[in-house]
Amino acid sequence: MQDPQGGGHHRVLQRGGPAGGAGGSTVRRPGPHHVERWVDGHGLRMAAPPPPPVHRSGQAALWEGTHRIDANLTLESAHGHTPGSAVLRLASGSDRAVFVGDLLYSPVQILEPSCNSCFDEDAERAAASRRSVLERAADEGELVVPAHFGGAGAVEVRRDGSKFAITRWAAYA
């Protein structure tokens with residue numbers, strides 16, 4: 001979808017003052033794949049900027065790399081799809097799952113992690129992130145929970161030589 005203001009597919013809107021925070025900006029992609037990222041003087045920090053009063057009061061956590069939410073939930077950066085992309089890992093007893101969000105758009109990407117979608121902003125990093133997530137899922141028996149596989153549910157994966165294979169589909173109950 002073209003930017004209605006004629007700026008191509010992306011536009012950057014600057015925000016300043018009390019509403020946007022000092023030095024902050026919002027990156028927007030118009031249309032159904034709208035993306036917002038909060039940026040400060042040190043670079044990208046997180047998706048969907050916290051309202052400045054929430055951030056200043058310490059109620060929002062800015063993180064890079066990994067962030068432990070609690071004993072069972074951890075966020076991990078998954079670079080390449082869009083700035084700030086992450087996966088959410090769940091560990092409860094011996095059960096494991098990884099919620100991959102936009103990192104996987106199609107089951108084909110399990111079989112061929114280097115197959116990128118048109119929405120990946122950095123194809124090489126997105127493919128590397130997919131491979132890394134799938135390696136851990138296969139090695140640790142994590143259930144892969146995609147956001148975009150139409151009605152398929154979650155999936156168990158295994159290594160198949162240097163590639164991956166689908167062990168079984170786990171329907172959503």
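This one's a predicted model, so the numbers in the text were calculated from it and none came from an experiment. Numbering of residues begins at 1 and proceeds along the displayed sequence.
- Inter-residue side-chain proximity for Phe149 and Ile110 is flagged as met; some heavy-atom pair is nearer than 4.5 Å.
- In this structure the side chain of Val145 never reaches within 4.5 angstrom of the side chain of Leu90, judged on heavy atoms.
- Within 6.0 Å of CD on Glu140 lie more than 12 heavy atoms contributed by other residues, nucleotides or ligands.
- Closest heavy-atom contact between Pro83 and Glu121: CD-OE1, 3.1 Å.
- Between Glu156 and Ile166, the closest side-chain pair of non-hydrogen atoms is not below 4.5 Å.
- Note that NE2 of His67 is 11.5 Å distant from OG of Ser77, once rounded to the nearest 0.5 Å.
- The hydrophobic cluster containing Val108 does not contain Leu134, counting ILVMFWY residues as joined when their side-chain heavy atoms lie under 4.5 angstrom apart, directly or transitively.
- With hydrogens and angles disregarded, a donor-acceptor distance shorter than 3.5 Å links the side chain of Asp70 to the backbone of Leu73.
- Note on Arg125 versus Asp120: no salt bridge recorded, every NZ/NE/NH1/NH2 to OD/OE distance being 4.0 Å or above.
- With 3.5 Å as the limit, one finds a donor-acceptor pair spanning the side chains of Ser85 and Thr82.
- Nearest heavy-atom pair, Ala78 versus Leu103, reported as atom, atom and distance to 0.1 Å: CB-CD2, 4.2 Å.
- The closest donor-acceptor contact from the side chain of Glu76 to the backbone of Thr66 lies at 3.5 Å or more, if one exists at all.
- Scanning all heavy atoms of the two residues, the minimum distance from Lys163 to Leu111 falls at CD-O, 4.1 Å.
- Across all their heavy atoms, Ala127 and Ser114 have their closest contact at CB-CA, 3.8 Å.
- Looking only at side-chain heavy atoms (C-beta outward), Pro107 and Val155 stay at 4.5 Å or farther from each other.
- No side-chain heavy atom of Ser129 sits under 4.5 Å from any side-chain heavy atom of His81.
- Between His148 and Tyr105, the angle of the ring planes stays under 30°, which puts this pair in the parallel group of the 30/60° scheme.
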Assess whether side-chain contact (heavy atoms from CB on, under 4.5 Å) is satisfied between Arg130 and Leu104, documenting all intermediate values.
CA-CA 7 Å; Arg130 269 190 297 282; Leu104 292 168; 3.4 Å; yes
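- Residues meeting the salt bridge (charged side-chain N to carboxylate O under 4.0 Å, His left out) test with Arg158, sequence neighbours left out: none.
- The CG atom of Asn72 sits 9.0 Å away from the CZ atom of Arg96 when rounded to the nearest 0.5 Å.
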